[in-house]
Structure formats: structure tokens, C-alpha cells
Amino acid sequence: MAASLRLCAAASGLRYWSRRQRPAAASLAAVCSRSMASKTPVGFIGLGNMGNPMAKNLMKHGYPLIIYDVFLDVCKEFQDAGEQVVSSPADVAEKADRIITMLPTSINAIEAYSGANGILKKVKKGSLLIDSSTIDPAVSKELAKEVEKMGAVFMDAPVSGGVGAARSGNLTFMVGEAEDEFAAAQELLGCMGSNVVYCGAVGTGQAAKICNMLLAISMIGTAEAMNLGIRLGLDPKLLVKILNMSSGRCWSSDTYNPVPGVMDGVPSANNYQGGFGATLMAKDLGLAQDSATSTKSPILLGSQAHQIYRMMCAKGYSKKDFSSVFQFLREEETF
């Protein structure tokens with residue numbers, strides 16, 4: 001399951017499930033209400049910046065949790081709330097037949113599933129295993145094969161929307177799996193996200209997420225435009241107002257602006273703390289680069305974005321939110 005394994009399956013079709021797009025169906029609130037939620041425990045592995053609020057949203061909708069994270073301190077608030085904390089992914093699998101994993105890298109995912117104390121050591125037949133990590137599509141496919149051998153079901157369901165959407169339960173899930181298993185995931189994923197998109201076979205969810213490298217490119221573009229305007233003497237709030245009523249408007253400018261003092265409630269307003277780390281953005285762009293190489297797809301701007309985020313990490317920005325690219329550009333006079 002090395003990173004050199006190649007992505008070989010194209011996304012087959014697209015199906016969209018959301019409270020906004022399907023008003024005739026039962027509302028998401030009804031599907032996920034405490035009164036309707038199954039009381040069967042759900043396993044949750046990985047309580048980082050994204051996993052923590054995702055797990056809390058499951059709690060809000062009435063799901064008892066079986067929790068594991070390598071950092072025990074992040075488990076304490078869940079334990080204090082009455083949720084069960086265990087000592088390994090295998091212990092999670094022993095106690096829950098529905099498990100969600102939210103991990104930083106392919107290596108972490110492989111360890112959680114196939115390691116000495118991994119999920120597959122004690123997984124029960126018929127279990128549903130949902131991996132919301134952003135990892136190599138080839139790794140997702142290999143994990144799916146191992147899970148299938150154990151009589152369980154694996155699906156990749158990476159997310160988009162950032163920490164804010166994770167907290168509010170408005171994430172977008174991109175799901176790769178056998179189509180006849182899709183409905184089984186909707187109840188759980190719908191409690192954490194407002195959009196659940198069926199992308200095709202296992203691995204296509206990861207493929208869709210990798211293509212969202214567009215975010216890194218648009219963030220760099222927004223940071224460059226803002227930096228240029230400020231150096232030309234424009235007030236940043238005025239410049240943002242103009243950009244957001246013009247053709248350059250994008251999520252990075254109107255929802256997650258990288259300039260301190262322009263917008264409240266985003267990492268740039270908190271010294272770039274929280275949010276989606278530059279290290280993780282560099283990792284995601286690396287996955288895009290690998291996939292582009294294997295499919296012989298030119299990603300000129302994606303490759304440049306990858307280099308910029310790698311440079312940022314080398315210069316002390318690794319733990320800051322990826323929007324700190326604005327600060328990086330401000331400080332790099334010779335860039």
C-alpha cells in the first residue's frame with residue numbers, strides 16, 4: 001500500500017444528497033433527530049481540529065460514542081460528557097459496528113486499520129467503516145480490499161468546508177463506495193454535513209477531494225491580490241468589498257479572508273490559529289501531485305501551490321492555518 005500505488009478508477013456518475021437539493025425528502029433534522037437516531041454506539045477515531053467537532057455533532061444527535069485518539073488529553077472532554085474512551089482502534093472495533101475515522105495522513109489511516117492494534121484485528125462482520133481522512137485514493141482502495149476480506153464494508157468519505165463547517169454540521173462529504181451501501185452512510189454523515197455526494201466506487205471520494213486543490217490556488221491568489229492592493233495604498237476592507245462585488249470573488253475572499261482585521265471568526269483574526277494547517281494543505285497538494293503524475297495530467301498552478309506551501313512549512317508556518325500564506329507573502333520580500 002505504498003504511496004506509489006496508482007489511482008486507476010475514474011469517478012462514475014454523481015449523486016447529490018442535501019437538505020437544500022431534496023426538499024421533498026425527509027428533512028435532515030428529522031433524519032438526525034435525537035428521537036430517531038439509533039442508540040447503537042458509533043466508533044470515532046481521530047479527534048483533531050476536524051474530528052473533534054464532527055464527533056460532537058454525532059453526540060448532539062443522540063449517538064453514544066466509542067472514542068479513540070493517540071492523544072489522550074483530547075479525549076477527556078468526551079469522557080467527562082459520558083462517552084466511552086478506549087485504548088486502541090481495535091477496541092473501538094470490538095465495541096462498535098459503525099466506525100468513522102478522521103486522520104491526518106495515509107500512514108495514519110493504514111496504522112489505524114491494519115496496524116498491530118488496528119480496526120481489522122477485531123472488526124465484526126457486517127461493520128460499516130467510514131474513512132473521512134484525506135489520503136491517497138490507492139490507499140483507500142487497498143484498505144477496502146482488506147476490510148472486504150473481513151466481511152465488513154469500507155467507504156472513503158473525505159470532507160470539505162473547514163473547521164467552521166465541521167462545528168456547524170455543514171460539511172460536504174464526497175463518498176466513494178458500492179452504490180447499494182450509500183444509504184447506510186447517509187444517516188451518520190448527514191448529522192455532520194449538509195451535503196453528502198455519491199462519487200462512485202471506493203477511491204472516487206478521495207479523487208474528488210484531491211481536485212479541491214483549487215482552494216489552495218484561490219487562497220494564494222486572494223493573498224497575492226490583497227498584498228498587492230495594500231502595498232498600493234488601498235484600505236484592505238475596502239479592497240475586499242470591491243473584490244467581493246467583482247468577478248474575482250471566491251470563498252477565500254468572502255468567507256475565509258486571509259488578511260488580519262478584515263473578517264471576524266476566521267483564523268486570520270486569531271493569529272492564524274485553528275483551522276486547516278499549512279502542513280495538511282501541503283500534504284493534500286502532494287496527493288494531487290502524485291495523482292497528476294500517475295494520470296499524466298498537467299497541474300501547473302497546483303504544482304506551484306504545492307511548492308509554496310512546502311516553503312511555508314520549512315519557514316515556520318506548518319502549524320498555522322493555510323490562509324497564513326498572506327503573512328508569508330508579506331514577509332517574503334525576495335519571493
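Heavy-atom minimum distance, V240 versus S253: CG1-O, 4.0 Å. Of all the heavy atoms in M263 and D254, the pair that sits closest is CE-O, 3.4 Å. K121 and A90 get closest at one heavy-atom pair: CB-CB, 4.2 Å. Across every non-hydrogen atom of P89 and A112, the tightest pair is CB-O, 3.4 Å. In terms of heavy-atom proximity, G275 sits nearest to P267 at CA-CG, 4.1 Å. Taking every heavy atom of both residues into account, G205 and P158 meet most closely at O-CG, 3.3 Å.
Side-chain atoms of E187 and Y63 include a donor-acceptor pair closer than 3.5 Å. For the residue pair T105 and N108, a side-chain donor N or O sits within less than 3.5 Å of a side-chain acceptor on the partner. No hydrogens or angles considered: nothing links the side chains of D284 and Y309 as a donor-acceptor pair under 3.5 Å. A donor-acceptor contact closer than 3.5 angstrom is absent between the side chains of N117 and E111. Q206 and T134 share no side-chain donor-acceptor pair at under 3.5 Å.
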Exercise for the section: Evaluate the criterion side-chain contact (heavy atoms from CB on, under 4.5 Å) for residue pair M281 and L285; output intermediate values, then yes/no. Expected result: CA-CA 6 Å; M281 181 59 81; L285 288 164; 3.9 Å; yes

Practice task
Determine, step by step, whether Y256 and F322 satisfy the ring pair (Phe, Tyr, Trp, His ring centres under 6.0 Å) criterion, reporting the C-alpha distance in whole Å, the side-chain angles of both residues, the deciding distance to 0.1 Å, and the verdict.
Solution key: CA-CA 10 Å; Y256 208 85; F322 78 104; 5.6 Å; yes

Handout entry: Worked verdict on D136 versus S106 for side-chain hydrogen bond (donor to acceptor under 3.5 Å, both in side chains)
Key = CA-CA 6 Å; D136 188 329; S106 295; 5.4 Å; no

Problem - Trace of the salt bridge (charged side-chain N to carboxylate O under 4.0 Å, His left out) decision for D91 with K95 - result: CA-CA 6 Å; D91 292 338; K95 296 176 180 294; over 6 Å; no

Practice task
Might you work through the side-chain hydrogen bond (donor to acceptor under 3.5 Å, both in side chains) test for E331 and Y317, ending with a clear yes or no?
Solution key: CA-CA 12 Å; E331 295 176 353; Y317 288 82; 2.5 Å; yes

Problem - Test log, rule side-chain contact (heavy atoms from CB on, under 4.5 Å), inputs N49 and F276 - result: CA-CA 8 Å; N49 287 340; F276 189 71; over 6 Å; no

Practice task
Using the salt bridge (charged side-chain N to carboxylate O under 4.0 Å, His left out) rule, take E146 and K149 through it: C-alpha gap first, then chi angles, then the decisive distance, then the call.
Solution key: CA-CA 5 Å; E146 291 191 26; K149 291 176 184 177; over 6 Å; no

Exercise for the section: Carefully, step by step, assess L120 and V147 under the rule side-chain contact (heavy atoms from CB on, under 4.5 Å). Expected result: CA-CA 7 Å; L120 296 182; V147 169; 3.8 Å; yes

Practice task
Just do the side-chain hydrogen bond (donor to acceptor under 3.5 Å, both in side chains) check on Y113 and T101 with the steps written out, would you?
Solution key: CA-CA 9 Å; Y113 281 89; T101 52; 2.8 Å; yes

Practice task
Start with the C-alpha gap between Y272 and F326, add the side-chain angles, then the distance that decides, and say whether ring pair (Phe, Tyr, Trp, His ring centres under 6.0 Å) holds.
Solution key: CA-CA 10 Å; Y272 300 105; F326 171 78; 7.6 Å; no

Exercise for the section: Show the numbers, then the answer: is there a side-chain hydrogen bond (donor to acceptor under 3.5 Å, both in side chains) between S252 and S218? Expected result: CA-CA 6 Å; S252 296; S218 69; 3.2 Å; yes

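Checking V196, N57, V159 one by one against L171, the side chain to side chain contact (heavy atoms under 4.5 Å, CB included) holds for a single residue, V159.
Between the side chain of D235 and the backbone N or O of L238, at least one donor-acceptor pair lies under 3.5 Å. A donor-acceptor pair under 3.5 Å is formed between the side chain of D69 and the backbone N or O of L47. Looking at N257, its side chain does come within 3.5 Å of a backbone N or O of V259 through a donor-acceptor pair. Distance alone, capped at 3.5 Å, is enough to place a donor-acceptor pair between the E83 side chain and the L65 backbone. Looking at S303, its side chain never comes within 3.5 Å of a backbone N or O of L300 through a donor-acceptor pair.
You'll find the side chain of S87 stays beyond 4.5 Å of the side chain of Y68, heavy atoms only. Contact annotation: the side chain of L280 approaches that of P104 to within less than 4.5 Å [non-hydrogen atoms, C-beta and beyond]. With contacts defined as side-chain heavy-atom distances shorter than 4.5 Å, the pair M213/L301 does not qualify. When side chains are defined from C-beta on, V197 does not count as touching V175, because their heavy atoms never get closer than 4.5 Å. At least one side-chain heavy atom of I230 sits less than 4.5 Å from a side-chain heavy atom of R330. Contact of the V325 side chain with the I308 side chain is registered, since non-hydrogen atoms from C-beta on lie closer than 4.5 Å. No side-chain heavy atom of M155 sits under 4.5 Å from any side-chain heavy atom of F182. In this structure, the side chains of L103 and I45 come closer than 4.5 Å at one or more pairs of heavy atoms.
Note that CD1 of I119 is 4.5 Å distant from CD1 of I99, once rounded to the nearest 0.5 Å. Within the model, atoms CD1 of I220 and CG of L215 stand 9.5 Å from one another, a figure rounded to the nearest 0.5 Å. Rounded to the nearest 0.5 angstrom, M219 CE and C250 SG are separated by 7.5 Å. To the nearest 0.5 angstrom, Q273 atom CD is 12.0 Å from S268 atom OG. Taking OG1 of T204 as the reference point, atom CG of D156 lies at 6.0 Å (rounded to 0.5 Å). Atoms NZ and CZ, from K315 and F328 in turn, are 5.5 Å apart once rounded to the nearest 0.5 Å.
Other residues, nucleotides and ligands contribute at most 12 non-hydrogen atoms within 6.0 Å of the CG atom of D264. Counting non-hydrogen atoms of neighbouring residues, nucleotides and ligands closer than 6.0 angstrom, the CD atom of Q307 exceeds 12 such neighbours. Taking a 6.0 Å sphere around NZ of K122, one finds it holds more than 12 heavy atoms contributed by other residues, nucleotides or ligands.
Here K124 does not pair with D97 in a salt bridge; the nearest charged N to carboxylate O distance is not below 4.0 Å.
Cluster membership check: V85 shares its hydrophobic cluster with V92, using side-chain heavy-atom separations under 4.5 Å among Ile, Leu, Val, Met, Phe, Trp and Tyr. Both I130 and V86 are assigned to one and the same hydrophobic cluster, defined by single-linkage of ILVMFWY side chains at heavy-atom distances under 4.5 Å. There is no path of hydrophobic side-chain contacts, each under 4.5 Å, that joins I67 to L72. A single hydrophobic cluster is seen to contain both F71 and M50, as judged by linkage of ILVMFWY side chains at heavy-atom distances under 4.5 Å, directly or through other members. Hydrophobic clustering of Ile, Leu, Val, Met, Phe, Trp and Tyr side chains at less than 4.5 Å, counting indirect connections, keeps M174 apart from V139.
Applying the under-4.5 Å side-chain rule to Ile, Leu, Val, Met, Phe, Trp and Tyr, the cluster around I107 consists of that residue alone.
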